[in-house]
Structures are given as C-alpha cells and as structure tokens.
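Heads up, the thing below is written out as structure tokens.
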Amino acid sequence: MLKAEVIKKGMVAIAVFGTVLLLVGWRYGTFQTTEYDSYSRKAETDLRSVLTVSDPAPGTLDKVVVKWQGDWTSYGDDPAAMAARIADQLNIPTVNKVEENGHTVYRSVGGSGELKIRLNVMEQLTGQWYTVVQLESNNAGREQLIRLHKLCATQLATVGVKAVWNTSIQHSLHSNEPVDQLMKLTETRLAGSLSMKAKERYTDATTVAVSYEAPKLPLAVQSGKHLVHMQMAVHEDEEHQDTRITIGFPLITIEY
C-alpha cells in the first residue's frame, strides 16, 4: 500500500522518507549551461503535460500547487546565503531566520498577481538542510506559475539542492451527484487522452480516492511492486456545499 493515509476531511499524509520519486538526479556542479537549459525545459514540458491531462476534469480549476523539495549539504557554505540566493532569484522578500522544534529554518513568503510563493530551508542535521519551494496559483496565474516552475528547476540545481517536484491540481463544482459517480465521470474524461489502471482505492461517506498506474505520465512513485503515476480524489464538502476534485502527480500533497 502507499505510505499515505486519508485522515479527517480529505487530508492526505504522505510518508516522505522511503518514497523514491523516479526523476532524473544529479550531483552539484556536474551540469553545464546546456544541461541546465535542457532540465528546465523538461520541467516545463512535464508540468504542461500533466495540466493538460487534468484539464478535462469537471468543474472550475481553482488551484494549482507545485512543490519542489530536496536535500542540500552545506560542505561549509552558509545556508543563510543559499536561502537568500533562492529568494532573490524568485523575487520574494529576504528570508527570516526562525527556530522550530530546535531546528533553524530560513523562510520567505511572497508572490505577485495570482501567484503565491513559499520558501523554507530547514536544518535536519549538522550540515544537512531540506529545501521546499511551493508555488500556488489559480487558473488565471497558470502561465506565471509555469514560468516560475521552470526557473526553480534551474536555480535549485545551481545552488546544489537535489530537488524533485510534484503537483496537485484542484477543481471545484456544485453537484448533486454522489462522489462515486463524479469519480467515474472524471475517470472517463481523463481516459480520453490517458491510459490508466486503478491500483488502490479508499472510500468513505464523502470521499473517493484512487491511485493509478499510467506509464505515459512523467512522474511516478514506487508503491510495493507497482508504480503510481497519479492519484485522484473526489470529496464532498458538506460545510461549503460544494465538491472538490483533486488530482495529484504522482500523489496528492494538499488538503482536498
């Protein structure tokens, strides 16, 4: 089973450790300029491809979240300077140093227009840091998010962060259809351009969540003896009287 458990109203807790995202890796300093360009172009192409896959889902596109995350080893370099360099490239405010649970964190929150940006560089062990850049927008900020996603690919590699990325895309709609029927409708629409096979399923009174194998998709996570390329959830929000359809590549990493 996936290292993920659905809790409360559509929260997904992903056990990050031990999960291997099947993406191209690198060592700091091995990229040449052309390789950086190639890597950033691939990041852009892959993001556009999964957005295109999700576009036929019912409802209105309300949220796109991209998360870049990975380890950084200081080798004597100043983590504050590394965090400041990323913040500068992303054009967000100067990082603030805070202490959380006995660990140092360098943090910045910013954005422009429809785009929100969060940067966290968190101390794990001496000389070992974990970097997370989160980009979030609605449909109006889609192209702006894609441009910054491409920039993240280059900048994180440049400073030596061994980062991978995932994305979660959320549609909302008002519907009287039960969640299982909306899930079938969404699967039918996506299957028009994507060959996919359901591997794992969770259901309760207000939620259906399914994980899929879809080899043509660019991102994947190992789950037991098979790969999961996409995770989809349909959740009825009784409080707000609407339904949310959330699609994660390869997993959902936001609240649905």
Side-chain angles (χ1 to χ4, degrees), residues 2-5 7 11-33 35-40 42-43 46 65-111 116-136 148-168 219-223 228 248-255:
L2 281 176
K3 295 179 180 178
E5 181 182 1
I7 59 174
M11 286 291 294
V12 175
I14 304 298
V16 175
F17 298 103
T19 296
V20 180
L21 294 180
L22 305 182
L23 299 171
V24 177
W26 63 84
R27 290 183 179 275
Y28 179 45
T30 62
F31 275 115
Q32 300 296 323
T33 301
E35 291 175 303
Y36 283 126
D37 291 344
S38 175
Y39 183 71
S40 64
K42 185 178 187 306
D46 289 348
V65 177
V66 173
K67 294 181 181 180
W68 282 91
Q69 51 196 25
D71 294 316
W72 181 76
T73 303
S74 65
Y75 297 115
D77 292 336
D78 182 7
M82 184 274 281
R85 181 177 175 185
I86 296 174
D88 180 64
Q89 291 295 324
L90 297 179
N91 196 28
I92 56 178
T94 303
V95 293
N96 292 316
K97 180 180 179 181
V98 297
E99 296 292 327
E100 290 186 354
N101 301 317
H103 295 279
T104 300
V105 180
Y106 295 99
R107 175 174 297 145
S108 178
V109 179
K116 301 175 184 177
I117 308 167
R118 295 183 62 91
L119 167 66
N120 284 284
V121 179
M122 299 163 283
E123 182 184 31
Q124 294 183 304
L125 300 170
T126 302
Q128 299 291 323
W129 298 77
Y130 196 71
T131 300
V132 179
V133 177
Q134 178 173 306
L135 314 175
E136 178 181 332
L148 201 61
H149 169 68
K150 185 178 179 181
L151 178 63
C152 283
T154 300
Q155 293 305 318
L156 291 173
T158 298
V159 300
V161 178
K162 300 175 181 180
V164 293
W165 64 275
N166 63 75
T167 185
S168 297
L219 306 178
V221 61
Q222 188 74 42
S223 176
V228 169
F249 300 93
L251 300 175
I252 296 171
T253 60
I254 63 173
E255 179 179 356

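Annotation for Val95 and Ala83: closest pair CG1-O, 3.8 Å, computed over non-hydrogen atoms. Nearest heavy-atom pair across Asp71 and Gln124 is OD1-OE1, 3.3 Å.
A 4.5 Å side-chain heavy-atom check between Glu99 and Thr104 finds at least one atom pair inside the cut-off. Here the side chains of Val164 and Asn166 are not in contact, with every heavy-atom distance at 4.5 Å or above. Looking at heavy atoms from C-beta onward, Val121 lies in side-chain contact with Met82 at the 4.5 angstrom threshold. Between Gln128 and Thr73 the shortest side-chain heavy-atom distance falls below 4.5 Å. At least one side-chain heavy atom of Leu156 sits under 4.5 Å from a side-chain heavy atom of Thr131. You'll find the side chain of Val132 stays beyond 4.5 Å of the side chain of Trp68, heavy atoms only.
Partners of Asp78 according to the side chain to side chain contact (heavy atoms under 4.5 Å, CB included) rule, which considers only residues two or more places apart in sequence or in another chain, are Ala80, Ala81. The side chain to side chain contact (heavy atoms under 4.5 Å, CB included) test applied to Thr167 returns Leu47, Val50, Val64, Val66, Trp165, Ile169, Phe249, not counting sequence neighbours. Residues satisfying the side chain to side chain contact (heavy atoms under 4.5 Å, CB included) criterion with Glu136, sequence neighbours excluded, are Lys63, Val65, Lys116, Gln134. Under the side-chain hydrogen bond (donor to acceptor under 3.5 Å, both in side chains) criterion, Lys150 pairs with Glu44, not counting sequence neighbours. Partners of Arg107 by side-chain hydrogen bond (donor to acceptor under 3.5 Å, both in side chains), not counting sequence neighbours, listed by chain and number: Glu100, Asn120. Residues that satisfy the side-chain hydrogen bond (donor to acceptor under 3.5 Å, both in side chains) test with Ser74, not counting sequence neighbours, are absent from this structure.
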Under 3.5 Å, which donor-acceptor pairs do the side chains of residues 86-94 form with other protein atoms, sequence neighbours left out?
none

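Rounded to the nearest 0.5 angstrom, Ser40 OG and Gln155 CD are separated by 10.0 Å. Distance check, rounded to the nearest 0.5 Å: CD1 of Ile117 to SG of Cys152 gives 7.5 Å.
Pairs engaging residues 86-107 under the ring-ring contact (aromatic ring centres under 6.0 Å, His included) rule: Tyr106-Trp129 [sequence neighbours left out].
Looking at Trp72, its side chain does come within 3.5 Å of a backbone N or O of Val159 through a donor-acceptor pair.
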